[in-house]
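What follows is a single structure, written as structure tokens, with notes after it.
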Amino acid sequence: MKRRDFFKSFSSLALLGSLPQVVKATKNKPEYNWKMVTTWPKNFPGLGTGAQYLADTIQNLSGGRIKVTVYGAGELVPAFEIFDAVSSGVAELGHGSAYYWKGKNDTFQFFSTVPFGMTSTEMNSWLYKGGGMEFWEQAYSDFNLVPMAAGNTGVQMGGWFNKEINSLEDLKGLKMRIPGLGGEVLKRAGGTPVNLPGGELFTALKTGTIDATEWVSPYNDLAFGFHKAAKYYYYPGWHEPGTTLECFVNKNAFSGLPEDLQQIVLGAAKIANLDMLCEFISKNNDALNILQNKHKVDIRPYPKEVMQELYEISKDVVMELSLKNDFAKNVYKSYTSFQNKTKNWNEISIKSYLNIEK
Ligand code: CA
């Protein structure tokens with residue numbers, strides 16, 4: 001299947017699920033006709049549908065005063081040009097994830113996810129209540145953008161392999177699609193990280209161009225059919241423990257809105273942030289069941305020692321981000337101290353609760 005056809009099939013696939021229903025808000029004529037450019041194929045499960053949900057929510061909550069038209073990757077601008085497009089006002093809104101723009105500023109990765117970093121609940125708490133949002137706003141302000149958290153994948157999976165991973169030795173020479181900081185960690189462990197767009201992964205894995213790949217979690221991975229190209233599905237996704245998706249607004253467009261509409265846009269992003277996480281969690285349960293019981297996938301935890309060694313490497317890789325400048329140092333300090341603080345509470349709350357045999 002050609003890549004384009006593959007992505008096209010998601011529109012019909014997504015329709016089988018429960019796409020957010022658009023309430024037609026027609027009582028007001030749009031006062032603002034906005035464009036949202038995204039890094040996802042249109043209606044891509046979870047991510048593209050999440051962008052559409054946000055657009056619909058802004059439209060519905062504003063009673064139709066803001067109309068938002070969503071463009072999939074490449075429809076108006078290529079996926080990785082949406083940051084510049086919104087910054088310069090080609091479109092008013094963008095939907096992606098902050099680690100895609102690390103070329104602008106390495107520190108952005110903290111607003112998305114870092115290896116062995118925070119889970120979705122911790123990330124949201126840091127962003128909304130722990131000072132994270134203020135850092136993010138400051139960082140994007142330099143690019144004429146107002147950022148908002150607008151979704152979360154939850155904990156991702158570790159990836160698909162065709163051989164067992166019993167020790168760090170098994171990662172040596174392994175050619176794996178794993179982007180960003182996770183890729184840097186794999187490299188230091190002796191592997192070869194490669195970055196390929198989602199649509200090329202199945203063929204690359206099937207033909208042996210790559211030995212292994214990570215993508216997201218059962219919901220997305222089942223849609224890509226990785227179980228037909230790899231034998232083992234390892235967990236957890238240590239490199240992406242709770243990836244935040246973002247929406248950013250052109251600053252001039254945002255400040256041109258009356259106060260009530262500004263609040264509606266900010267509120268809609270919070271609603272979309274929660275909705276996407278719930279979408280992933282509910283769909284992952286169903287997809288995991290299919291992978292386990294229908295496709296008989298060998299689902300395994302990474303050995304404890306492998307996790308420990310990757311954690312040690314990750315600590316260095318993430319810490320090195322803080323050495324770039326004072327801003328990076330402050331974000332790193334805020335992020336890591338928040339994560340350390342939540343550790344104590346997590347031990348006696350969520351962790352102890354989940355450990356009860358039920
Ligand atoms: Ca991933």
Side-chain angles (χ1 to χ4, degrees), residues 6-7 10 38-41 44-51 73 79-80 95-102 108-120 122-123 149-161 165 171 174-187 189 191-202 204-205 210-227 229-230 232-246 276-277 279-281 283-284 287-288 291 297 299 301-302 307 310-311 314 317-318:
F6 190 80
F7 280 133
F10 279 118
T38 69
T39 51
W40 330 110
F44 190 76
L47 306 166
T49 53
F80 295 132
H95 196 281
S97 194
Y99 57 11
Y100 290 143
W101 326 118
K102 64 176 184 168
F108 289 179
Q109 294 173 102
F110 286 108
F111 309 124
S112 189
T113 193
V114 297
F116 297 95
M118 292 195 255
T119 62
S120 56
E122 293 169 326
M123 257 313 270
N152 199 297
T153 64
V155 186
Q156 299 198 2
M157 284 293 281
W160 295 87
F161 298 81
I165 304 300
L171 295 177
L174 190 88
K175 205 167 167 195
M176 179 174 181
R177 183 270 184 187
I178 173 169
L181 294 173
E184 179 58 29
V185 174
L186 177 73
K187 194 164 134 195
T192 308
V194 290
N195 195 4
L196 287 172
E200 292 171 26
L201 293 180
F202 178 80
L205 191 60
I210 53 174
D211 304 314
T213 189
E214 69 84 52
W215 178 233
V216 185
S217 45
Y219 173 30
N220 281 178
D221 293 8
L222 174 66
F224 266 146
F226 292 135
H227 55 280
Y232 303 103
Y233 195 21
Y234 273 90
Y235 62 87
W238 54 272
H239 60 298
E240 297 198 59
T243 305
T244 294
L245 287 308
E246 66 181 359
M276 189 192 289
L277 180 63
E279 163 100 355
F280 269 106
I281 291 174
K283 296 279 171 62
N284 276 336
L288 181 64
L291 288 172
V297 173
I299 301 173
Y302 280 114
M307 279 298 89
L310 291 176
Y311 172 59
S314 295
V317 169
V318 175

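Treat the numbers as computed from the prediction; the structure is a model and nothing was measured. These numbers come from the heavy atoms of this one structure, side chains and all, not from hydrogens, waters or symmetry mates. Counting convention: from 1, in listed order, for ligands and their atoms alike.
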Checklist entry - With sequence neighbours excluded, what pairs up with S97 under the side-chain hydrogen bond (donor to acceptor under 3.5 Å, both in side chains) test? => result S112
Checklist entry - Measuring to the Ca ion (ligand 1), does Q156 have an N/O/S atom at a distance below 3.0 Å? => result yes
Checklist outcome for this item: Taking the Ca ion (ligand 1) as the apex, O on W215 and OE2 on E240 give an angle, to 10°, of 170°
Item to check | Residues that E246 engages under salt bridge (charged side-chain N to carboxylate O under 4.0 Å, His left out), provided they are two or more places apart | outcome: none
Next on the checklist: Over 60° means perpendicular and under 30° means parallel, so tell me whether F224 and F44 are parallel, tilted or perpendicular.
Outcome noted: tilted
Checklist entry - What N, O or S atom of E214 is found closest to the Ca ion (ligand 1)? => result OE1
Checklist entry - If you measure only the distance, is there a donor-acceptor pair under 3.5 Å linking the side chains of Y235 and Q156? => result no
